[in-house]
Structures are given as C-alpha cells and as structure tokens.
Colleague: 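Before we start, here is the structure in question, set down as structure tokens.
This one's a predicted model, so the numbers in the text were calculated from it and none came from an experiment. Order of the sequence lines fixes the chain letters, A, B, ..., with proteins taken first and strands second; residue numbering starts at 1 for each chain.
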2 protein chains.
Amino acid sequence: MNFQLRKHKILEILAANDSADVADLASEIGTSEITIRRDLNTLANQGLLTRTHGGAIRNDFDKPKIAFFDKNDVNADAKEEIAQKASELIKAGEVIFLDCGSTVFRMCKYLKNRKIKVVTNSIPVLLELLNSEVQVNFAGGEIDALRQAAHGPIATEHLARYKAEKAFVGVDGISIANGLSANSEKEAEMTMTMANNAKETYFLCDSSKFETVKYLSFSKISSVKNIVTDKKISIEVKQKYIDVGISLF
Amino acid sequence: MNFQLRKHKILEILAANDSADVADLASEIGTSEITIRRDLNTLANQGLLTRTHGGAIRNDFDKPKIAFFDKNDVNADAKEEIAQKASELIKAGEVIFLDCGSTVFRMCKYLKNRKIKVVTNSIPVLLELLNSEVQVNFAGGEIDALRQAAHGPIATEHLARYKAEKAFVGVDGISIANGLSANSEKEAEMTMTMANNAKETYFLCDSSKFETVKYLSFSKISSVKNIVTDKKISIEVKQKYIDVGISLF
DNA sequence: TTACATTTGTTCAAAAATAATCATAAATAA
DNA sequence: TTATTTATGATTATTTTTGAACAAATGTAA
C-alpha cells in the first residue's frame, strides 16, 4: 500500500464521510498513524483536504455531496443486503429501470461491470454508472434538486417510451390492506410509470416498512408480484404476503 | 518475453487492477524485478502509466470522474473571458439553452445566483447548477460517457419541445466561406437543435477558431447572428465578420 | 485558570525500493 | 565467422518510505 493508493482511499473515505480521524484512517487503510498524518499533511498542502486536529475534513464539505450515502442510516445494512440481492436478479443484456431511492442507488456498485442498459431518473445513479460498462439512459425533464432526480410530466413521458425487462423501485410503505404508499406524489408517479413499462417490477422494501402506510397510497397490493427485502422480516409477516401471491426475495 | 509483450501485459494488468507492484508484476510476467522497474520507467516516460514507489498506478487512477476542467487548456483565459461575457447577456427570468462544450460549462459559475431556467444536455452543467438558484432541465436520452452528455434522437426531440430566449453553444470551427463546423456529428446536431429553438443563438468561439474548418461543416455563415469571442481576435478578422452582418461580443 | 490527555513535529533507525555500475547472455551487424 | 550493440540480471550504494520515541504544542475538562 503506497502513498498513491492511500491518497485515493483517504479521499474516498473523506468524500463519503465529510471527515475522518487519524486512528480510523490508519486502521481502515492498515498502516500506522504517523504515516496517515504525513499523508494528510501532504494532501492538505496539495489543497485536497483540510487538516484538523486528529484528522481531516473534506475541503468543500459545505457543498452538498452528489452521492447520497447516508452513513447514519439506521437501515444501512438491510439496504445493502437488499441492493445486493436485487442486483443478482438481473441478467446480462437486460434493460432495467432504476428509480431515485437510496436503496436502489446502492445497487449501482454491483452493476458496474454488467452488460446491461439502465434507464433512470436518478442523478446519483447516472453519475455512479457513467464510467462503467453499463449504458445509461437518463429520463430528462425538470430536475428536482432535493431528490436529485428528474420528475414531472416530461420525465414520465420519457420513461414511458422505453420498455424494460425489470424495474427496481423503492416504496416508503406497504400493507396488505392499503397497498403501496409513498411520501410524495412525484415519487409515486415515477414508481407507477416504471412498473407499467417493465415486464417485472421488484419493490425494494426493508423489513421496517412492512405494514406501514405513508402520506399517499397509490396502488393496491394486488399489483405487487415481487418484493426484495432483508432477513429481519418476521416469518408471520412473510407468510401473509406469500398468501396473497407475492414472491419475497 | 520481450519488452513489447511485457508492456502489453503490464498495461493489461494495470487496466484491470488500477495498480500493481513490482514484485507481483515480476512473478506474474516471469522476469526479474529490475527489468520490471526499467519497463515501468519507460512506460511512465511514454505517459502510459504513473510510477509509484514499489510499482505503478493507472494513469487516470485518481482523476476526478466529472468536472472536465482541463487545467492545461492553453485557451483557458480566453474561454473564461468568453464565458463571463456570455453570462452577462442573460437577463432574469429567461430560459436558456446550454450545450455540452467546455467554454459553455465555464458560464455556470456566473449563473448560479441568477433566476433563470437552463435547459441542457451536459452532465457537468447539470451538476454545477444543481444546488443553485437556477432551475435546471436536463435533456434525457442515451448518455454519451465520453462527452458527459445526452445525445441522440430522444435527447434532440426533448430539446425541441422547449423554446428558449437564448442558446449558448460552442463551435469547433468557423469560417466565412464554410460556415460552422464541428468535430462530431452528434455535437453538430445538438447545436442546430438548440439554435433552431432559441430566439437568439450566441456562438462561443475563441479567437483561435476563426477561419478554421473542422471535420463536419453543418451550417452556413448566414445563419450566424451573434458570436462571443475573446479580445485576442485581430481587427481584420473582426471586420470581415461584421461586414457579413454578424455581431461580435 | 490549571491539570490532563491527545495530537503533532522532530529526530533517528530500520526497512524497502531505486539508481548506478558492472558482468553476462542474446541479438544484430560487419 | 567475429565484433558490436542491446537486453537482462546481479551487486552495491543511495534514496525514499515508514515506524518508533519523545518533547512540544494543542485541545479538553474541571
């Protein structure tokens, strides 16, 4: 592990976490603290980060990040598990819809070397897959800065022109009685558009979202065929969904 | 195993792994470490890789993936001047087309606090204006990873749905006799689409590009009304363009 | 503020990698 | 064929990198 590799890793960690301390970096990278300190000083001189006592912070940490990896996400592990499982469902040569949710975004790292086409309205997904094997198709239209995605009638219309083998979409709530629900009208519309234009739709949904209802109910449970979830889901809940004909991955 | 074969193998390994150390390369290729070192130095001199202590890394290993600011651009000053001048032509409330050229990209920093709408096919422009006052509209479609922009029939069609007050587009070559020319068909098509759907089109063109003809001529000089250029343009050339009815900024 | 712990800069030594030099083997030219 | 150049490998000296020790500086809590 030489300086260049450490530099790369340090900047990567800093990009994801905004800040890092010497001890963590040393154990993460597998070198001594004194070496990390030297590296940080060098990188600070190059203007690539800002040194603090005990570590460093990202140089432009007040600028919003592009990739929205929320490290503090309580369900990070579950989301990662779901993302990985979902990725394995994709076959070479397929056309895939990916929506703008954070769980869906996590699928990107498993897709980079796959020969597939991805149609998405998510800017983080676009960026993550830009320099990869994947051919990206972005749904144009007005950009929603908050969600880092294209939304609205033009984006919807754009998506509807494409047909995909599989759609991977997040949902904010799911219940047998109330079906699918979302926190915003925009996201619900996107979800339905993707679902309507894909042969198979996989709803990505961590176990905490089962039997919850959010702001807007937008689809009955009968329209759901496949759900990808994490292993923390209880057997009882799982059985209830299987009973109504849904496959759980 | 001669140098050419080793070179091929080294670059292959580097392409796959990002980095490699001397000892690994030596055992992988079946030669001594000193020979590998000599090879690496030669290849580093040829600019094919970057030497590190103990090995080498791929040349573009830690190159930022987005933001295509070419620091070594010989015309950086001219481009900056042009970008600033062009930005001042925009009024509050206007809808603007921005294409995917590097000069146009430089306009972004002057636009961030303006109350305008920008329609673009450029990913760097999208990112730069994402968290700003500007409402961004991205032309969707297949993404050209090389140009970091959306191109193709869908993107063109998308753009054509919008009408803008002003379009700002780069050109690779301009001449009285041959009109506008570009290095690629894709860019020429985008340029024309923007020009056709804007009330006024400003061609951004540094002084070195005057009276040059590139790969593809795509429009006559009579369709050009406004050019934004830098102060290094000669009075004679300037006068020739004024004589055919073009305004130079 | 003081007392304490943590972090840092400095110095030094060990280890690793490199450059320089020379010798040998292979390829090429005469 | 022999002479000459070129590529490779081995040896040694030098440089670079790394880690440890310790004093100085900084931050934190009472």
Side-chain angles (χ1 to χ4, degrees), chain A residues 1-65 67 69-74 76, chain B residues 1-65 71-72:
Chain A
M1 180 71 77
N2 60 37
F3 173 68
Q4 277 79 2
L5 295 174
R6 290 198 308 271
K7 168 182 170 180
H8 186 78
K9 197 129 192 181
I10 288 170
L11 293 176
E12 201 175 64
I13 290 171
L14 229 50
N17 297 18
D18 288 341
S19 69
D21 62 49
V22 172
D24 287 351
L25 288 171
S27 71
E28 186 78 23
I29 293 174
T31 184
S32 69
E33 298 192 2
I34 180 74
T35 298
I36 293 296
R37 273 193 211 102
R38 278 194 271 244
D39 288 351
L40 293 182
N41 290 345
T42 307
L43 295 174
N45 281 332
Q46 291 174 11
L48 297 170
L49 50 77
T50 303
R51 196 78 167 78
T52 63
H53 278 265
I57 56 169
R58 232 178 75 222
N59 228 349
D60 46 3
F61 80 106
D62 45 350
K63 260 191 212 167
K65 275 183 293 181
F69 248 128
D70 187 357
K71 280 275 178 178
N72 304 320
D73 192 334
V74 283
Chain B
M1 179 71 76
N2 60 31
F3 174 68
Q4 298 305 329
L5 291 173
R6 291 199 307 272
K7 168 181 171 181
H8 185 258
K9 196 130 193 179
I10 289 169
L11 293 177
E12 199 175 63
I13 290 170
L14 229 51
N17 297 15
D18 289 341
S19 70
D21 63 48
V22 172
D24 287 352
L25 287 171
S27 71
E28 185 78 24
I29 292 174
T31 183
S32 70
E33 297 194 3
I34 180 72
T35 298
I36 293 296
R37 267 189 216 107
R38 278 194 269 244
D39 288 351
L40 293 182
N41 289 345
T42 307
L43 296 173
N45 281 330
Q46 290 174 11
L48 297 171
L49 50 76
T50 302
R51 195 79 167 77
T52 65
H53 227 82
I57 56 170
R58 240 182 55 225
N59 228 350
D60 50 358
F61 178 58
D62 53 2
K63 232 190 233 173
K65 293 204 173 87
K71 290 262 183 184
N72 305 317

Colleague: For the residue pair Leu40(B) and Ala56(B), what are the closest heavy atoms and their distance?
Modeller: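 Heavy atoms of Leu40(B) and Ala56(B) come nearest at CD2-CB, 4.1 Å.
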Colleague: Between C1' on dA20(C) and CD1 on Ile34(B), what's the gap in Å once rounded to a whole number?
Modeller: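 To the nearest whole Å, that distance equals 9 Å.
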Colleague: When you match Ser32(B) and Asn2(A) each to their closest nucleotide on DNA chain D, which lands nearer the 5' end?
Modeller: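 Its nearest nucleotide lies further toward 5', so the answer is Ser32(B).
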Colleague: With a cut-off of less than 4.0 Å, is there a side-chain N or O of Thr31(B) near OP1 or OP2 of dG9(D)?
Modeller: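 Thr31(B) to dG9(D) OP1/OP2: side-chain N or O found under 4.0 Å.
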Colleague: Could you give the CG-to-P distance, from Asp39(A) to dG9(C), as a whole number of Å?
Modeller: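 Rounded to the whole Å, the gap is 13 Å.
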Colleague: With a 4.0 Å cutoff (strictly under), does any side-chain N or O of Asn41(A) reach OP1 or OP2 of dG9(C)?
Modeller: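 Yes, within the criterion.
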Colleague: Can you check whether Lys7(B) reaches Gln4(B) side chain to side chain, under 4.5 Å on heavy atoms?
Modeller: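 Sidechains of Gln4(B) and Lys7(B): in contact.
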Colleague: Indicate, with a heavy-atom threshold strictly under 4.0 Å, whether Thr42(B) touches base, sugar-phosphate, or nothing.
Modeller: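 The answer is nothing, as Thr42(B) stays clear of every strand by at least 4.0 Å.
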Colleague: Is there a side-chain contact between Phe3(A) and Asp39(A) (heavy atoms, below 4.5 Å)?
Modeller: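 Yes - at least one pair of side-chain heavy atoms lies under 4.5 Å apart.
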Colleague: Sort me out a list of protein N/O and nucleotides 23-26 of chain D N/O pairs below 3.5 Å, or just none if empty.
Modeller:
residue : atom : partner  : partner atom : Å
dT26(D) : O3'  : His53(A) : NE2          : 2.8

Colleague: With respect to the phosphate group of dT18(D), does any side-chain polar atom (N or O) of Thr35(A) fall under 4.0 Å of OP1 or OP2?
Modeller: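 Thr35(A) to dT18(D) OP1/OP2: no side-chain N or O under 4.0 Å.
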Colleague: Whole angstroms only, please: what is the CD-P distance between Glu33(A) and dT18(D)?
Modeller: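 Checked: the CD to P distance equals 15 Å.
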Colleague: Distance check needed: dT18(D) P versus Phe3(A) CZ, whole Å only.
Modeller: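 One finds 9 Å between P of dT18(D) and CZ of Phe3(A), rounded.
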Colleague: Out of dT18(C), dG9(D), dG19(D), which has the shortest distance to the side chain of Val22(B)?
Modeller: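 Taking heavy atoms from C-beta onward, the closest nucleotide is dT18(C).
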Colleague: Below 4.5 Å, heavy atoms only, C-beta onward: do Val22(B) and Leu25(B) meet side chain to side chain?
Modeller: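 They are not in side-chain contact.
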Colleague: Just compare dT18(D), dT7(C), dA10(D) and give me whichever is closest to any side-chain atom of Arg6(A).
Modeller: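 Of the candidates, dT18(D) comes closest.
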Colleague: Is any side-chain heavy atom of Leu48(A) closer than 4.5 Å to a side-chain heavy atom of Ile10(A)?
Modeller: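 No; the side chains remain at least 4.5 Å from each other.
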Colleague: Ignoring backbone atoms, test whether Arg51(A) places a side-chain nitrogen or oxygen under 4.0 Å from the OP1 or OP2 oxygen of dT7(C).
Modeller: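 For Arg51(A), the contact criterion (side-chain N or O under 4.0 Å from OP1 or OP2 of dT7(C)) is not met.
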Colleague: Give a yes/no on whether any side-chain N or O of Arg38(B) is located under 4.0 angstrom from OP1 or OP2 of dA19(C).
Modeller: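 It does not, given that no N or O in the side chain of Arg38(B) lies less than 4.0 Å from OP1 or OP2 of dA19(C).
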Colleague: Please give, in whole Å, the distance from dA19(C) C1' to Leu40(B) CG?
Modeller: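 My rounded result for the distance is 14 Å.
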Colleague: In whole angstroms, how far is the P atom of dA10(D) from the CD1 atom of Ile36(B)?
Modeller: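 Atom CD1 in Ile36(B) sits about 14 Å away from atom P in dA10(D).
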Colleague: Quickly work out the Arg37(A) CZ to dG19(D) P distance and round it to whole Å.
Modeller: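 Distance, rounded to whole Å: 12 Å.
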